[in-house]
Engineer: 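Please see the structure below; I have some questions.
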Amino acid sequence: MPVNFGLMATPLTTVKAPILGKMSDNNIQSVSKFSRNSINLYPPRTLKEAFISLANNLIDQDTRCNNCLDNAYSLILERCSTQESLSQIKQVHAHVLKSRYVVDTTFLSTKLVLAYGKCGASLDAHKVFDKMTERSIFTWNAMIGSHMTSGEHIEAIELFLNMNALGVHADASTFTLILKACGELEDRCYGVQVHGMATKLGFLCNLYVNNSLLGMYAKCNDSNSAMLLFEKMSGKADVVSWNSIISSYSASGKTVEALRLFREMQIAGVVPNTYTFVAVLQACEESPYLVFGKELHAFLLKSNLYLDMFVANALVVLYTKSGKMKEAERIFNAMDKKDSITWNLMLSGYVQNGLYNEAMATFHKMQVESRKPDRYSIISMISTVGHLGNLLNGLEVHTYAMKNRMDSDLHVCNTLIDMYTKCSKMKYAESLFKRIRSKDNISWKTIISGYAQNGYHSKALTLFRESQMKGIESDSMLIASILQACIELMCDSVVKEIHGHMIRKGLFDITLENTLVNIYGKCGCIDYASRVFELIKVKNLVSWTIMVNNLAQNGLADEAVDVFVSMKETGIEPDSIALLSLLSAVSDLSTLKKGKEIHGYLIRKGFILQGPISSSLVDMYSACGALEDSFKVFDSIPTKDLVLWTSMINAYGMHGMGMESVRLFHQMVAEKVYPDHVSFLAILYACSHSSLVDEGKAFFKSMVDEYALNPWQEHYTCMVDLFGRANNLKEAFKFIENMEMKPNVAIWRSLIGACKVHNNIELGNFASKKLLELDSGSVKNYVLVSNFYAFCGQWDDVGDIRMKMREKGFKKDPGCSWIEIWNKIHVFTVRDKSHPESDEIYDKLAQINDMLKREEGYLGEIFNGHSERLAIAYGLLKTTKGMPIRVAKNLRVCDDCHVFSKLVSKYFEREIIVRDANRFHHFGSGICSCGDFW
């Protein structure tokens, strides 16, 4: 809803009184018809009566020569300053300058200084003050007070120093004003000097000076000095003294002491006033002491102070800070009188508690009641529209701020920049940032974090470096923004640069340390991540979770499990995020027993097995080769989301059960869960691995035509693989030529694999050339092409490829297989003899070869050193008959080991489940689920 700023501009009500410069004799005579005697007998109570009194004195010849006229002017100035009517003060000032009957010019000039000061016109006050040839202490106090009213506290202190230099002796009022200035500036050092001066001149016996000293120490957050002074007052303390000392402890966060003093005040018989209750309520704002605030609220309900606006405002703050907005609303709605502070408290309360729509509604209500917003109202509204992302309202608020000259206020400008960044309008934010002449730390931090959050990571980094050159101090918030940009840039050199900056500046807290561990992990610098992690003195759950996730994502699943075990040993209970990271590590390791332990833990701890947890469990069981357990988890979830359906479709596809994937996909659509890109990728993958050509083509067509989803490179790769498995190589090549994007390395790899299986040398050579042209920096590509050339007998080409590999320093990744036996992972590499039971393993392997040679004439001893054979032999050695053997390998299973696994499953009557780099192989009764195509 757009903000109606037309309701804001309401005219100030002014007092209608005669204008002295335009008064004629007839005017004066008519005014004198009021009872002159009554005016002389009683002091005028209103501005109109004061003007009448002056008019009477002007026409009375007897009073023109004595100080009655001075008093009449004085009374008018007092009434004008009370109503802050600056224009009428200036008219009186002009009349005084023209008058021939002013007796005491010092007295009236002092009154003018005082009147200007009360209206906040310190410049006009100074003009009068500077022209005075004779000044009393009252004049100096009036001028100091004028600076204080205008918030010019430094100028007030400078004037006090000038006064002392001229030998003018200060009085009690002077000290109360200067001590207040020191408090506002939180300048304890100068405040102590003024304290010493007041002591030397004997003003500590004055209760007002003592109270001002208490107030100064309270504002300077020095409750100890305030208490020493308070104790020396020994029974002379009045309600103001008690209020000051309670406020001092309250401001210092010493709630218990503040409440104790409040109790002592009651015992001493000092009756608390409005300011007492405000100070005590401020002490109760922290959540542990909210109950005392509520008790005080209950007490106030029974007293007449409950209707006091200041007390009500303090109650609103109490409840907004503790998030009790309903209670704050009740107090707000019950208030008969509300000032701008009341409205601003409610606005900021809604913003702080994330209730932005309620903040908007309150702002509209404020306009309806003709309340003109001030800078604090505008700041709250800018923050509100920023969080709502409502750019139109944001522009309207900005326009209002400009019209009312608030856009020069630095706090307003910083909030506007933040609003534009939240609305993703970085050009507006940058333009506003450049126009700020005196930028502070917040200005820089806001624009830098805005760039980082809106994806302009390089720009954020550039501005950060510029801010450092300009001497802007870094803090945790700024570093967090820059680290966020570094995560997206994935540039480890920049991360190390920022890390060094943090060390030099000593900027370390648990949040930054966790962020640093996370970003090093994402950049692949796992060693740096581990070092920073180890240096965290008190690790929290987030620290452990990030480290587990880093290790899992960087292929160090075994180390991830170890870190998780260490976390449990420290007594920190994992949450769902930590367990999801661990499930990912277990999936990579294919450690079924550990996966089942995590599943059991989730059930025991009452985690809801839905959303990411349920789909991660399906993925884990599938990755561990336990497809039946995957389906049990899937089937147990009453409300299945798209991710869960996709996970189960993918699980069937990975295990070569393409028709089950197809059935499940149709069931998903029938239940009104509609597929996305990932769902189609899973079903195309399933069709490809089960050679379901017609079904795959139908799904691809449906994705494009029915669901209007543009295919990714991965979808095209699945289709090429699908045609290749079915020996439709011409169709596969034609499909590649008709693609709407250039084919990537995965597509050419798939085509090379199909050409090898179906002995299409010409097309395979073409695909090999394209692959190396596209990506000559991957060892996997060279190995694939080398194997294809060797298969075709092109030994010269094999020699050329291997020479290029040596020139580039490429080495083939060593084969590695592992098997879980009784909750322990056993790892084997090629021709590995490091295992403690190595002799028994090779003896078992020899027995297997003897049986296969005898039964099938199989001669495979030359490949005995392959890692998957060692793992299978160890599985047969250590498991009982009938138990499935589950093996995982980091590379593709070679042709000979594939034959070996089929024969072992047949003659040893075991199900062997092997997960290689491409897919799952279920060996049973001499047959593999892949149909000998992988």
Side-chain angles (χ1 to χ4, degrees), residues 1-10 320 325 340-457 459-460 463 467 477-478 480-481 484-485:
M1 182 167 59
V3 184
N4 177 14
F5 285 96
L7 293 172
M8 292 180 179
T10 53
T320 56
M325 288 307 299
S340 60
I341 294 172
T342 314
W343 288 96
N344 290 337
L345 287 173
M346 283 304 296
L347 285 172
S348 63
Y350 282 128
V351 173
Q352 289 163 14
N353 287 281
L355 303 170
Y356 306 114
N357 289 319
E358 288 81 351
M360 286 289 288
T362 302
F363 187 70
H364 285 297
K365 186 177 179 183
M366 183 180 181
Q367 293 174 281
V368 169
E369 296 192 14
S370 300
R371 290 281 181 178
K372 186 175 181 179
D374 58 15
R375 60 185 289 268
Y376 299 105
S377 318
I378 293 302
I379 287 168
S380 291
M381 280 312 299
I382 297 168
S383 181
T384 296
V385 296
H387 281 96
L388 290 173
N390 193 327
L391 180 62
L392 178 61
N393 278 1
L395 291 168
E396 288 180 354
V397 178
H398 191 175
T399 303
Y400 178 83
M402 290 172 68
K403 286 181 179 177
N404 289 271
R405 297 182 180 179
M406 295 181 192
D407 59 327
S408 59
D409 183 277
L410 186 58
H411 194 177
V412 172
C413 285
N414 289 340
T415 313
L416 279 167
I417 293 171
D418 183 61
M419 181 269 291
Y420 284 126
T421 63
K422 283 185 170 65
C423 293
S424 301
K425 292 295 179 182
M426 289 310 301
K427 286 187 178 179
Y428 295 173
E430 184 179 13
S431 174
L432 188 57
F433 175 76
K434 287 178 178 177
R435 289 204 301 269
I436 300 175
R437 292 181 179 177
S438 301
K439 302 174 182 71
D440 64 358
N441 283 22
I442 296 173
S443 311
W444 284 96
K445 291 166 193 171
T446 305
I447 192 71
I448 289 169
S449 65
Y451 276 119
Q453 290 163 10
N454 284 280
Y456 299 93
H457 310 299
K459 183 72 174 178
L463 271 180
S467 73
M477 188 180 82
L478 182 57
S481 297
Q484 180 64 37

Engineer: For T421, is there any backbone N or O sitting under 3.5 Å from a side-chain donor or acceptor partner on N454?
Structural biologist: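 Checked: pair present.
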
Engineer: Is there a side-chain contact (heavy atoms from CB on, under 4.5 Å) between S377 and L347? Walk through the geometry before answering.
Structural biologist: CA-CA 7 Å; S377 318; L347 285 172; 4.1 Å; yes

Engineer: Between D409 and I378, is any pair of side-chain heavy atoms under 4.5 Å apart?
Structural biologist: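 A side-chain contact under 4.5 Å is absent here.
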
Engineer: Mind checking the CG-SG spacing from N393 to C423? Nearest 0.5 Å is all I need.
Structural biologist: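 That separation rounds to 9.5 Å.
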
Engineer: Side-chain contact, heavy-atom cut-off 4.5 Å: I442 with H411?
Structural biologist: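 They are not in side-chain contact.
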
Engineer: Does the plane of the ring in F433 sit parallel, tilted or perpendicular to the ring in W444? Use 30° and 60° as the thresholds.
Structural biologist: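 Ring orientation of F433 relative to W444: perpendicular.
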
Engineer: Is the shortest heavy-atom distance from the side chain of Y420 to the side chain of L395 under 4.5 Å?
Structural biologist: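 In short, these two side chains touch, coming nearer than 4.5 Å.
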
Engineer: Tell me, do F363 and P373 make a side-chain contact under 4.5 Å, heavy atoms counted?
Structural biologist: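 The answer is yes, as the side chains (C-beta and beyond) meet within the 4.5 Å cut-off.
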
Engineer: Using side-chain contact (heavy atoms from CB on, under 4.5 Å), reason through E358 and M325 one step at a time and then give a plain yes or no.
Structural biologist: CA-CA 10 Å; E358 288 81 351; M325 288 307 299; over 6 Å; no

Engineer: Above 12 or not: heavy atoms from other molecules or residues under 6.0 Å from NE2 of H387?
Structural biologist: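 Above 12, so yes.
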
Engineer: Taking side chain as C-beta onward, heavy atoms only, is K365 less than 4.5 Å from W343?
Structural biologist: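 SC-SC contact between K365 and W343 confirmed.
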
Engineer: I want to check something: taking the side chain as every heavy atom from C-beta on, are V351 and M381 in contact at a cut-off of under 4.5 Å?
Structural biologist: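 V351 does not reach M381 side chain to side chain.
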
Engineer: Quick one: does any side-chain atom of S383 pair with a main-chain N or O of I379 as donor and acceptor, under 3.5 Å?
Structural biologist: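 Side chain of S383 to backbone of I379, a donor-acceptor pair under 3.5 Å: no, none is there.
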
Engineer: Nearest 0.5 angstrom please: K372 NZ to S340 OG, how far?
Structural biologist: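 Output value for this atom pair is 12.0 Å.
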
Engineer: Compare every heavy atom of M406 with every heavy atom of D374, then report the nearest pair and how far apart it is.
Structural biologist: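 For D374 and M406, the tightest heavy-atom pair comes out as C-CE, 3.8 Å.
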
Engineer: Quick one: OG on S431 to CE on M426, what's the gap to the nearest 0.5 Å?
Structural biologist: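 It is 11.5 Å, given to the nearest 0.5 Å.
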
Engineer: Take a 6.0 Å sphere around OH of Y356 and say whether it holds more than 12 heavy atoms from other residues, nucleotides or ligands.
Structural biologist: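 Counting neighbours around OH of Y356, more than 12 heavy atoms of other residues, nucleotides or ligands fall under 6.0 Å, so yes.
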
Engineer: Nearest 0.5 Å, please: how far is CZ in R435 from CZ in R437?
Structural biologist: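 Output value for this atom pair is 11.5 Å.
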
Engineer: State, yes or no, whether a side-chain contact exists between I436 and N414 at a heavy-atom distance under 4.5 Å.
Structural biologist: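 Counting from C-beta outward, I436 and N414 do come under 4.5 Å.
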
Engineer: To the nearest 0.5 angstrom, please state how far the NZ atom of K425 sits from the CE atom of M419.
Structural biologist: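 Taking NZ in K425 and CE in M419, the distance rounds to 11.5 Å.
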
Engineer: How long is the straight-line distance from NE2 of H398 back to OG1 of T415, given to the nearest 0.5 Å?
Structural biologist: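 Rounded to the nearest 0.5 Å, the OG1-NE2 separation comes out at 11.5 Å.
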
Engineer: If you compare all heavy atoms of A460 against all heavy atoms of A452, which two are closest, and at what distance to 0.1 Å?
Structural biologist: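 Closest approach of A460 to A452, heavy atoms only: CB-N, 3.8 Å.
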
Engineer: Step by step, work out the side-chain contact (heavy atoms from CB on, under 4.5 Å) result for S443 and L410.
Structural biologist: CA-CA 8 Å; S443 311; L410 186 58; 3.7 Å; yes

Engineer: Any side-chain heavy-atom pair from T320 and L345 closer than 4.5 angstrom?
Structural biologist: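 Result no, sub-4.5 Å side-chain heavy-atom pair not found.
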
Engineer: Does L355 offer a backbone N or O that forms a donor-acceptor pair with the side chain of N353 under 3.5 Å?
Structural biologist: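 Answer holds: no.
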
Engineer: A quick test of your reading: do over 12 heavy atoms of other residues, nucleotides or ligands sit less than 6.0 Å from CG of L388?
Structural biologist: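 More than 12 heavy atoms, drawn from other residues, nucleotides or ligands, come within 6.0 Å of this atom.
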
